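Notes to accompany the following structure.
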Amino acid sequence: MFCLSELEDTVRVPPSDLNLPLEVAIKKALQKLFLDKVLSIGLCVSIYGIKSIEGGFVLPGDGAATYKVVFRIVVFRPFVGEVIAAKFKESDSNGLRLTLGFFEDVYVPAPLIPTPNRCEPDPYNRNQMRWVWKYGDDEFIIDDSCQQIKFRVENISYPPVPTERAEDAKPFAPMVVTGTIDDDGLGPVSWWEACAPISDDED
Amino acid sequence: MKNIIVKANAGALTNFEVLDLLNSRGASKDTTRVIASETVSRSEYKVYDYLMETAASTQTRESVTKFSDKCKDFKLAKAEILNIINLRPSSDVELTPILEKPDEREIDIEGILALVQELLPPLPTVEAQKENEQEETENDEQS
């Protein structure tokens, strides 16, 4: 789910950092610019390394030094078809929302939850809806108690920044991953624990 | 300020490699770390915490390289090998959603699962973490 990307950018090192070794100062400026931000290629997780630094000119009227830097970063960008383990965050009538800790906008829309299912108001939490999967005679609830939920990535989208929003709308998500749990081995891990894993004891 | 993306994909990384990178920067499970660490930021720690709960936390560089070498015998796509290393499936039902059209390609599912069992270390279990916590408290009592 992670990959390396190479970028080239103009970086401004503020005068207060000019006493640090050059690489440290540039890395600090890069971290401030890119860490935890979503680019067109994905969510930037970490600065991997700097390849080259050029310049160091001080522009008139500015106390900071400007450098042209080529560097590599680690981005979180899952590919379509990847299976990822996540935790339950919340659910509503549109579907589920899962979280990875560092990334919280994974949505499983209602059509991608295994059928037959039903959605009912959560008895423990008045604002939420709960999804229940009916398989044969058993009913499986999808909620907080599921330790890990595996989903397969269906799509990644980068919605454009909205110009107007309603007052109570959810905070804007610049990167949204849509997943499915409607297949063998997907969904809460506890659903599949009954299938015996291969163990050495059998020999 | 426009930044130019030279290469959008300069190489895929397994969860293990990212965890290794964070470890080499000084990330650890110590609770005082968030305040003390200057080299690892808070958002990087969230990634670290997530990865420590996955198969990557028990893997080593040798086991991962050996595994991806041996995988070439099984005619798997690179993305599938990456997925298997990240998830460490231990049963048929865990492996099938990763593979694309396994029946048409005649994939040796049993063989792959046996290789996983042999080369990749088992997943970290919640019980193991609890045992570690108990060991730590026992050590404190002793000292």
Side-chain angles (χ1 to χ4, degrees), chain A residues 1-12 27 31 33-37 39-48 51 70-77 79-87 99-103 147-148 150 152 180 183-186 189 192-193 195-200, chain B residues 1-19 21-22 25 38-55 77-80 82-84 86-87 89-100 110 113-114 116-118 122-123 126:
Chain A
M1 62 181 98
F2 299 101
C3 70
L4 282 178
S5 288
E6 198 172 305
L7 275 80
E8 181 189 323
D9 197 10
T10 335
V11 174
R12 204 177 149 269
K27 203 165 177 201
Q31 279 181 333
L33 274 176
F34 290 102
L35 225 55
D36 217 19
K37 306 264 185 344
L39 306 175
S40 57
I41 44 174
L43 172 71
C44 174
V45 161
S46 181
I47 312 286
Y48 190 71
K51 279 191 116 173
V70 178
F71 55 99
R72 285 189 294 184
I73 52 173
V74 179
V75 258
F76 167 69
R77 182 180 70 236
F79 50 88
V80 174
E82 184 172 1
V83 176
I84 300 177
K87 295 214 175 73
T99 170
L100 295 175
F102 59 94
F103 183 76
Q147 284 289 349
Q148 269 198 349
K150 284 199 185 147
R152 186 170 56 220
T180 174
D183 201 354
D184 286 341
L186 301 179
V189 171
W192 305 99
E193 258 161 25
C195 303
I198 293 184
S199 69
D200 296 316
Chain B
M1 200 164 37
K2 221 176 143 200
N3 55 12
I4 307 159
I5 299 175
V6 174
K7 238 195 265 180
N9 190 352
L13 298 171
T14 53
N15 288 3
F16 164 74
E17 285 167 313
V18 178
L19 188 60
L21 176 74
L22 293 171
R25 294 254 207 91
E38 288 182 6
T39 47
V40 185
S41 68
R42 232 181 307 179
S43 56
E44 286 169 328
Y45 260 116
K46 287 200 187 149
V47 180
Y48 178 82
D49 285 336
Y50 171 76
L51 291 175
M52 283 303 276
E53 290 186 8
T54 64
K78 245 184 146 196
E80 291 171 335
L82 195 82
N83 236 345
I84 294 176
N86 285 348
L87 288 172
S90 47
S91 62
D92 194 330
V93 82
E94 285 184 44
L95 181 58
T96 358
I98 298 176
L99 305 173
E100 206 177 302
E110 293 282 332
L113 287 172
V116 169
Q117 190 74 9
E118 182 194 328
L123 297 171
V126 181

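Bear in mind that the values here come from a model prediction, so they are computed numbers and not experimental data. Naming convention: chains lettered A, B, ... in sequence-line order (proteins, then strands); numbering from 1 in each chain.
For B/Leu51, the part lying under 4.5 angstrom from a heavy atom of chain A is the side chain only. For a residue to count as touching a neighbouring chain, one of its non-hydrogen atoms must lie under 4.5 Å from one of that chain's; by this rule A/Phe2 touches chain B with backbone and side chain alike. For B/Val18, the part sitting under 4.5 Å from any heavy atom of chain A is the side chain, from C-beta outward, and nothing else. Using a 4.5 Å cut-off between heavy atoms, B/Asn9 touches chain A through backbone and side chain atoms alike. When heavy atoms are compared at a cutoff of 4.5 Å, B/Leu95 does not approach chain A at all.
Atom NZ of A/Lys87 sits about 6.5 Å away from atom CD of A/Gln148, to the nearest 0.5 Å.
Counting heavy-atom pairs closer than 4.5 Å to chain B, the top residue among A/Phe79, A/Phe76, A/Phe103 is A/Phe79. Chain B forms the most heavy-atom pairs under 4.5 Å with one residue out of A/Val189, A/Leu100, A/Val74, A/Ile41, and that residue is A/Leu100. Most heavy-atom pairs under 4.5 Å with chain A: of the set B/Ala79, B/Ala8, B/Ser43, B/Ala12, this distinction falls to B/Ala8.
Proximity of a side-chain donor or acceptor of A/Arg72 to a complementary backbone N or O of A/Tyr48 within less than 3.5 Å is not detected. B/Glu44 places no side-chain N or O within donor-acceptor distance of the main-chain N or O of B/Leu22, the cut-off being under 3.5 Å.
Remark: A/Phe71 engages A/Phe34 in a ring pair (Phe, Tyr, Trp, His ring centres under 6.0 Å) (not counting sequence neighbours). Listed by chain and residue number, nothing satisfies the ring pair (Phe, Tyr, Trp, His ring centres under 6.0 Å) test with B/Phe16 (two or more places apart in sequence, or in another chain).
Contact between A/Thr180 and A/Leu186 at its shortest, heavy atoms only, is O-CD1, 3.7 Å.
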